[in-house]
Amino acid sequence: MDGGTSFATLLLALQLVLLPAMTSEKELILGEAGDQAKLPCKASKKENMDFTWKQQDQLIIMRGFRKSSPPRVIGKTKMKDRVDSSTNEWDSGNFSLIIKKLEIADSGSYFCEVENRKQEVQLLVFKLTANPNDYIFSGKNMTLTLHSPSSLPGFKVEWNGPGDKSKRILSQDKKTLNLIHMEPKEGGIWYCDISVNGKTLKLSIKVTVFGFTSPSQTIYGMTGKTVQFSFPLNLNEQELNKENPKGEFTWQVEGVASPQQPAKYSWKDNNLTPKNGIPNFKAEKSNFAITFTLSPVLPQHAGSGVFLLKFSSGDLKQKVKLVVMRAISQESPHKQLCCDVLGPIIPGLNLRWVLENQTEINLNVSEKQRELQVDKPKSGTWECQLFRQNKKQLNSDSFKLTAKQEWYLPFYLGIGLGAGASLLLLFGLSTFCYVRRRHRLRRAERMSQIRRLLSEKKTCQCPHHF
């Protein structure tokens with residue numbers, strides 16, 4: 001009994017001696033699902049030698065032999081079709097294990113046995129996904145999720161991406177990021193930075209948000225001119241034709257005496273067909289943008305509209321406003337320049353009457369104050385301009401007033417004095433002509449009387465002076 005026990009103890013001790021010694025250091029490798037990872041294994045000598053790679057459950061993944069054909073044997077594991085080793089590095093004592101098309105299930109500990117030593121490498125595989133897809137329509141929600149091994153040591157996660165940070169909701173474990181009511185400007189590359197025990201890994205995913213590049217726009221138009229409404233999409237022409245969407249355009253005028261029903265149009269294959277109402281919008285061909293034109297702009301066209309584009313997997317909507325400016329010159333009851341704003345009132349609008357590039361008068365536009373007038377304007381070139389937050393949006397045609405068109409009191413006084421002097425001169429001249437003619441008639445009458453007396457041989461007793 002004592003002999004048998006001694007033999008068993010000796011055999012166990014011999015097996016322990018023959019087992020590879022475990023190294024104290026453990027290498028950590030971070031990888032991304034779908035990519036590949038290279039697990040290091042180095043010998044103390046830069047020469048080729050036998051080695052073995054094993055899983056944590058001691059299943060053999062790969063064996064390499066210094067003098068054998070074939071030089072390596074792949075074990076019958078689940079990853080047998082995805083493992084490899086660079087044989088050209090063996091002569092330098094490097095026996096790394098390459099795992100291709102990584103899966104999260106590949107996470108765990110791997111052991112390399114070489115030179116009677118066992119080296120441990122820990123592999124952690126991560127994956128980044130988007131739900132419902134990495135492409136959505138504007139206004140929808142998206143969830144980005146970091147998938148990681150179940151038994152994961154303490155790690156740090158940081159998310160980065162374009163757009164409004166206030167619309168992001170991060171889960172408590174920081175593995176899930178909810179993006180609310182996404183807009184096209186929030187599309188792009190999103191990053192997830194992972195840090196584990198000093199090792200870092202940067203994951204990225206491309207997110208596409210289909211939609212109009214701007215949720216709304218304001219167009220400024222001058223009466224009598226042409227305006228253009230553009231609805232640019234972040235879809236190229238090929239993608240747009242593939243989706244083959246249909247559209248509806250609705251327009252509501254503002255500022256009319258009695259409310260009208262909205263004007264409606266249908267859109268298909270870049271053709272705009274009116275259903276009812278005014279104004280008369282027309283579709284134009286343009287690259288990467290659906291474009292409507294309105295010509296000429298009339299005061300009653302001012303208002304707002306909505307363009308709805310319907311796809312098989314969602315709808316897109318863009319709002320548009322039309323602000324109309326009108327400038328006129330009127331004669332009655334007195335000379336006056338008038339400029340006003342029609343339609344929606346946008347904060348920060350300012351009207352200005354400019355004389356020879358110098359602002360004469362201005363008005364901050366509001367719902368109650370929309371009109372700016374100039375009474376009895378000076379001579380020169382006048383122009384009405386519309387600004388928004390000190391940026392010029394519109395300018396009217398020029399109004400050129402000469403000195404003869406100025407309405408001053410001296411002008412009227414000069415006319416009155418001239419007319420009075422003319423009448424007085426005409427009256428004096430008429431009186432002078434009348435007196436002179438009368439004097440000549442009396443003189444002719446006396447001469448006739450003298451001739452008659454002389455012919456009768458009579459002498460006048462009264463003296464006459466001629």
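Everything quoted here is computed from the prediction, not taken from an experiment.
Under the 30°/60° scheme for interplanar angles, the aromatic rings of F249 and F307 are found to stand perpendicular. Between F137 and F311, the angle of the ring planes lies from 30° to 60°, which puts this pair in the tilted group. Aromatic ring orientation, F210 versus Y135: tilted (interplanar angle from 30° to 60°).
Proximity of a side-chain donor or acceptor of Q217 to a complementary backbone N or O of S230 within less than 3.5 Å is detected. Checking side-chain atoms of N244 against main-chain N and O of K268 turns up no donor-acceptor pair under 3.5 Å. S295 places no side-chain N or O within 3.5 Å of a backbone atom of T226 that could act as its donor or acceptor partner. Checked by atom type and distance alone, the side chain of N350 pairs as donor or acceptor with a backbone atom of L363 at under 3.5 Å. Checking side-chain atoms of E186 against main-chain N and O of E183 turns up a donor-acceptor pair under 3.5 Å. D269 places no side-chain N or O within donor-acceptor distance of the main-chain N or O of N271, the cut-off being under 3.5 Å. Between the side chain of R168 and the backbone N or O of W159, no donor-acceptor pair lies under 3.5 Å. Looking only at distances, no side-chain donor or acceptor of N141 sits under 3.5 Å from a matching main-chain atom of I180. Not one N or O on the side chain of Q373 forms a donor-acceptor pair closer than 3.5 Å with the backbone of Q336. Judged by distance alone, with hydrogens and angles left aside, the side-chain atoms of W90 form no donor-acceptor pair with the main-chain N or O of S85 at under 3.5 Å.
With rounding to the nearest 0.5 angstrom, the OH atom of Y191 is 13.0 Å from the CD atom of E158. Considering CD of Q228 and CZ of F292, their distance stands at 11.5 Å, rounded to 0.5 Å. For the atom pair H147 NE2 and T176 OG1, the distance stands at 8.0 Å (nearest 0.5 Å). Atom NZ in K378 sits 12.5 Å away from atom CG in L401 (nearest 0.5 Å). Rounding to the nearest 0.5 Å gives a distance of 7.5 Å between CG of L179 and CD1 of I136. We find the OG-CG distance between S171 and N178 to be 7.5 Å, quoted to the nearest 0.5 Å.
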Give the intermediate values and the outcome of side-chain contact (heavy atoms from CB on, under 4.5 Å) for residues K376 and K335.
CA-CA 5 Å; K376 299 178 181 179; K335 186 64 178 179; 5.6 Å; no
Assess the residue pair Q385 and N395 against the criterion (side-chain hydrogen bond (donor to acceptor under 3.5 Å, both in side chains)); give the C-alpha distance rounded to whole Å, side-chain angles, the decisive distance to 0.1 Å, and a yes or no.
CA-CA 4 Å; Q385 299 176 351; N395 57 275; over 6 Å; no
List the steps, then state whether side-chain contact (heavy atoms from CB on, under 4.5 Å) holds for Y220 with R388.
CA-CA 10 Å; Y220 299 89; R388 182 171 187 264; 3.0 Å; yes
Going through the checks in order, is the side-chain contact (heavy atoms from CB on, under 4.5 Å) test met by W353 and C339?
CA-CA 8 Å; W353 271 111; C339 187; 3.7 Å; yes
Evaluation steps, side-chain hydrogen bond (donor to acceptor under 3.5 Å, both in side chains), between S92 and N94
CA-CA 6 Å; S92 60; N94 190 350; 5.4 Å; no
Could you walk me through whether L351 and L386 satisfy the side-chain contact (heavy atoms from CB on, under 4.5 Å) test, starting with their C-alpha distance in whole Å, then the side-chain angles of each, then the deciding distance to 0.1 Å, before giving a yes or no?
CA-CA 5 Å; L351 273 178; L386 179 64; 3.9 Å; yes
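You'll find the side chain of S138 reaches within 4.5 Å of the side chain of L316, heavy atoms only. Side-chain atoms of I29 and E27, non-hydrogen and from C-beta on, do get closer than 4.5 Å to each other. Looking at heavy atoms from C-beta onward, S396 lies in side-chain contact with M325 at the 4.5 angstrom threshold. Between L28 and K26, the closest side-chain pair of non-hydrogen atoms is not below 4.5 Å. You'll find the side chain of D397 stays beyond 4.5 Å of the side chain of M222, heavy atoms only. Between N362 and F387, the closest side-chain pair of non-hydrogen atoms is not below 4.5 Å. A heavy-atom distance below 4.5 Å is not found between the side chains of V323 and Q393. For the pair N160 and D193, the minimum side-chain heavy-atom distance is below 4.5 Å.
Using a 4.0 Å cut-off between a side-chain N of Lys or Arg and a carboxylate O of Asp or Glu, D84 and R72 qualify as a salt bridge. Look at R326 and D340 and you find a salt bridge, because one of the NZ, NE, NH1 or NH2 atoms lies within 4.0 Å of a carboxylate O, short of that distance. A salt bridge does not link E113 to R63: none of the charged side-chain nitrogens sits closer than 4.0 Å to a carboxylate oxygen. A salt bridge does not link K78 to E103: none of the charged nitrogens lies less than 4.0 Å from a carboxylate oxygen. Under 4.0 Å is where a charged nitrogen must lie from a carboxylate oxygen, and between K310 and D315 no such pair does.
The heavy-atom pair separating H301 from L294 by the smallest distance is ND1-CD2, 3.7 Å. When every heavy atom of K175 is checked against every heavy atom of S148, the shortest pair comes out as NZ-OG, 2.8 Å. L123 approaches D106 most closely through the heavy-atom pair CD2-O, 3.7 Å. Listed here is the closest heavy atom pair of C192 and L146: SG-CD2, 4.0 Å. Closest approach of L309 to P245, counting heavy atoms only: CG-CB, 4.0 Å. Across all non-hydrogen atoms, the minimal contact from V83 to L97 is CB-CD1, 4.1 Å.
Annotation: N357, atom CG; neighbour count of heavy atoms from other residues, nucleotides and ligands within 6.0 Å does not exceed 12. Within a 6.0 Å sphere centred on NZ of K167, other residues, nucleotides and ligands contribute more than 12 heavy atoms.
Under the 6.0 Å cut-off for aromatic ring centres, F229 and W251 qualify, their centroids lying closer than that.
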